[in-house]
**Student:** 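Following this message is one structure expressed as structure tokens.
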Amino acid sequence: MSCGKVCGWLPAYVALGLGEDERQEFRAHVRGCQECRRLLWQEDPALAMALALPAAEPTDGHFVEEVLAGIHQRRVEKSLARKKRVWRRVAAAAFLFLALGLAYERWPRVPPPTVVATPVQEKLVPEPFVEVEGEGVRVYQLVSEGEARTQVAFIVSPAVEL
Amino acid sequence: MGVLRLFTSRDVSAEADDRVLAKAARAGDEQAFALLVKRHQGGVRRLAARILLDEEEARDIAQLAFIKAWENLSRYDPSWCFSTWLYRIAANLAVDALRARGSRDRTHQTHLRLVGEDEAPKAPQLLQEKEVESIFRQLAQALPPAQRQAFVLREVEGLSTSEVARIMGCTETTVRNHVFAARATLRRELARRFPEYLPKGGEA
């Protein structure tokens, strides 16, 4: 790519208006061309600075091992946390069970209703008595023995024989 | 060159390999995952370092990103480039760490700059990569997390706007807005801290 082409694309690059392919081409050229980078610096120092930053990637031989070790550690931690959670639930359930048991034991109970056997009083069936009032009318009155207030009376045709 | 050079045939085949490896890793193959780590560790660490501006913290975040990737392989959607998915995890973790760090670090870096102000300025075209890195670290302190993430992913790492949008979980317009805002902030900070490097006639 020529520097002249880059100069033509410079305004569009600064206005964030370049197509993606052209943008990548532009960036690749400016990274390697100090003169074009100087031009870009004149237009926008921040954009020029971004392209002048070192591209070298930090290398670290132990990084991968450390990541894998971190993964294993997290796995162990999660497993322990899961076990802890299970034991905590079991302990909570046991505690609840014991508490319920104790509460049941100490709960004030309502005594069962006591049934007192009373001697059955033989009810005396009152003997009917007959009273005759007037002619041709019979009045039968039945009165229980103990309860003077209760009276049953009925009138029967004299033709009917009891 | 960034890890994600997306538009060459070599990258297309590498991405296909990544998907095969990811599938094997999802089935529990640790060796396949180790290959993925080996292949992408550089890019992920560099991305985290550019967002966090701290190599050591970036290393920890990169490790955590790979561990999280392993744990969430079942959720990996093969329609995504594996590297984009990985970058998403790493970038989100880095931004979370950045937000958690708060303003404490910004104060610290300002102090460092004040201590080192006696260094003789150099012309921008003579700046070495290490010096650019150092200046960028100091200027980027002023960027809010979202702007820093968008700028690093798009302008430093060279990802496409659509990929950055996918990684950040926002629209392409939002990504462009973040990038424009980041550029303005960087230029303003350059004028304030390193006026000697400002382009001729350029004002903040």
Side-chain angles (χ1 to χ4, degrees), chain A residues 10 12-79 81, chain B residues 1-3 5-8 30 33-35 37-38 41-43 45-46 49-50 55 58-59 62-67 70-71 124-125 127-133 135-136 139 151-152 154-158 160-162 176 179-180 182-187 190 194 197-202:
Chain A
L10 194 57
Y13 183 78
V14 171
L16 308 187
L18 267 190
E20 199 50 44
D21 290 349
E22 289 86 1
R23 180 171 167 258
Q24 295 300 332
E25 214 178 321
F26 180 93
R27 288 171 60 86
H29 176 86
V30 173
R31 272 189 190 282
C33 177
Q34 212 172 27
E35 185 55 30
C36 288
R37 207 187 305 164
R38 197 184 59 77
L39 284 174
L40 180 59
W41 189 285
Q42 292 295 323
E43 284 291 322
D44 192 313
L47 288 180
M49 209 184 307
L51 287 174
L53 287 170
E57 292 168 359
T59 50
D60 188 340
H62 301 296
F63 188 83
V64 180
E65 286 78 8
E66 284 174 13
V67 169
L68 293 180
I71 288 170
H72 292 155
Q73 192 183 336
R74 289 277 281 247
R75 197 180 289 154
V76 170
E77 281 171 3
K78 275 190 175 177
S79 162
Chain B
M1 179 61 71
V3 162
R5 288 161 297 178
L6 301 167
F7 299 96
T8 65
E30 280 190 13
F33 190 71
L35 275 176
V37 176
K38 201 172 181 181
Q41 60 155 315
R45 282 178 64 184
R46 198 181 54 199
R50 295 264 158 81
E55 292 288 343
R59 193 176 191 281
Q63 276 192 5
L64 190 58
F66 280 111
I67 291 170
W70 168 265
E71 288 175 344
Q125 58 267 38
L127 284 174
Q128 299 300 308
E129 281 185 338
K130 290 257 178 195
E131 291 170 296
V132 176
E133 181 92 54
I135 292 172
F136 178 74
L139 300 183
F151 185 81
V152 167
R154 192 182 186 280
E155 302 306 335
V156 180
E157 294 300 322
S160 70
T161 309
S162 60
R176 284 200 186 88
V179 171
F180 276 123
R183 280 162 55 182
T185 307
L186 289 173
R187 192 183 175 91
L190 187 72
F194 302 92
Y197 295 140
L198 207 62
K200 283 177 190 171

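Note that this is a predicted model, so its numbers are computed, not measured. Heavy-atom basis, side chains included; hydrogens, waters and symmetry copies ignored. Convention: sequence-line order gives letters A, B, ...; per-chain numbering from 1.
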**Student:** Please give me the minimum heavy-atom distance between A:Leu47 and B:Arg183, naming the atom from each residue.
**Tutor:**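 Of all heavy-atom pairs spanning A:Leu47 and B:Arg183, the closest is CD1-CZ, 3.6 Å.
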**Student:** Got a second to check how far A:Arg27's CZ is from B:Glu155's CD, nearest 0.5 Å?
**Tutor:**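 It is 6.0 Å, given to the nearest 0.5 Å.
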**Student:** Is the side chain of A:Gln24 donor-acceptor paired with the backbone N or O of B:Gly158 at a distance under 3.5 Å, no angle test?
**Tutor:**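 Yes; judged by distance alone, with no hydrogens or angles, the pair exists.
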**Student:** Can you see which heavy atom on A:Val14 is nearest to which on B:Phe180, and at what distance?
**Tutor:**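 Where A:Val14 meets B:Phe180 most closely, the heavy atoms are O-CE2, 4.1 Å.
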**Student:** Non-hydrogen atoms of chain B under 4.5 Å away: do they reach the side chain of A:Ala15, the backbone, both or neither?
**Tutor:**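 Looking at A:Ala15, just its backbone touches chain B.
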**Student:** Are A:Glu66 and B:Val37 side-chain neighbours, meaning at least one heavy-atom pair lies under 4.5 Å?
**Tutor:**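 No, side chains not in contact.
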**Student:** Is the side chain of A:Trp41 donor-acceptor paired with the backbone N or O of B:Tyr197 at a distance under 3.5 Å, no angle test?
**Tutor:**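 A pair under 3.5 Å: yes.
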**Student:** Can you say whether B:Val152 sits under 4.5 Å from chain A via the side chain, the backbone, both, or neither, judging by heavy atoms?
**Tutor:**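 No part of it gets close to chain A.
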**Student:** Within the 4.5 Å heavy-atom criterion, are B:Val156 and A:Met49 side-chain neighbours or not?
**Tutor:**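 B:Val156 does not reach A:Met49 side chain to side chain.
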**Student:** Non-hydrogen atoms of chain B under 4.5 Å away: do they reach the side chain of A:Glu43, the backbone, both or neither?
**Tutor:**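 Just the backbone, heavy atoms under 4.5 Å.
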**Student:** Checking side-chain contact (heavy atoms from CB on, under 4.5 Å) for the pair B:Arg45/A:Phe63: CA distance, chi angles, key distance, verdict?
**Tutor:** CA-CA 10 Å; B:Arg45 282 178 64 184; A:Phe63 188 83; 3.7 Å; yes
**Student:** Can you say whether B:Ala182 sits under 4.5 Å from chain A via the side chain, the backbone, both, or neither, judging by heavy atoms?
**Tutor:**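 The answer is neither part of B:Ala182.
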**Student:** Quick one: CD1 on B:Ile67 to NE2 on A:His72, what's the gap to the nearest 0.5 Å?
**Tutor:**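 NE2 of A:His72 is found 10.5 Å from CD1 of B:Ile67.
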**Student:** Taking side chain as C-beta onward, heavy atoms only, is A:Leu16 less than 4.5 Å from B:Arg154?
**Tutor:**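 Contact flag for A:Leu16/B:Arg154 side chains = yes.
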**Student:** Heavy-atom cut-off 4.5 Å, strictly under: side chain, backbone, both or neither for B:Leu190 against chain A?
**Tutor:**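 B:Leu190 touches chain A through side-chain heavy atoms alone.
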**Student:** Taking side chain as everything from C-beta outward and backbone as N, CA, C, O, which of these in B:Leu35 sits under 4.5 Å from a heavy atom of chain A? Side chain, backbone, both or neither.
**Tutor:**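 Nothing of B:Leu35, per the 4.5 Å heavy-atom cut-off to chain A.
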**Student:** Between A:Asp44 and B:Arg187, does any NZ, NE, NH1 or NH2 come within less than 4.0 Å of an OD or OE carboxylate oxygen?
**Tutor:**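 Salt bridge flag = no for A:Asp44 with B:Arg187.
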**Student:** Which is it for A:Val67 and B:Gln41 under the side-chain contact (heavy atoms from CB on, under 4.5 Å) test, yes or no, and what are the steps along the way?
**Tutor:** CA-CA 10 Å; A:Val67 169; B:Gln41 60 155 315; over 6 Å; no
**Student:** If you measure from CZ on B:Phe66 to CG on A:Leu68, what distance do you get to the nearest 0.5 Å?
**Tutor:**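 The CG atom of A:Leu68 is 10.5 Å from CZ of B:Phe66, to the nearest 0.5 Å.
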**Student:** Less than 4.5 Å to any heavy atom of chain B: does that hold for the side chain of A:Ile71, its backbone, both, or neither?
**Tutor:**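 Both parts, heavy atoms under 4.5 Å.
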**Student:** In Å, rounded to the nearest 0.5 Å, how long is the span from CD of A:Gln42 to CG of B:Leu198?
**Tutor:**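 Between atom CD of A:Gln42 and atom CG of B:Leu198 there are 9.5 Å.
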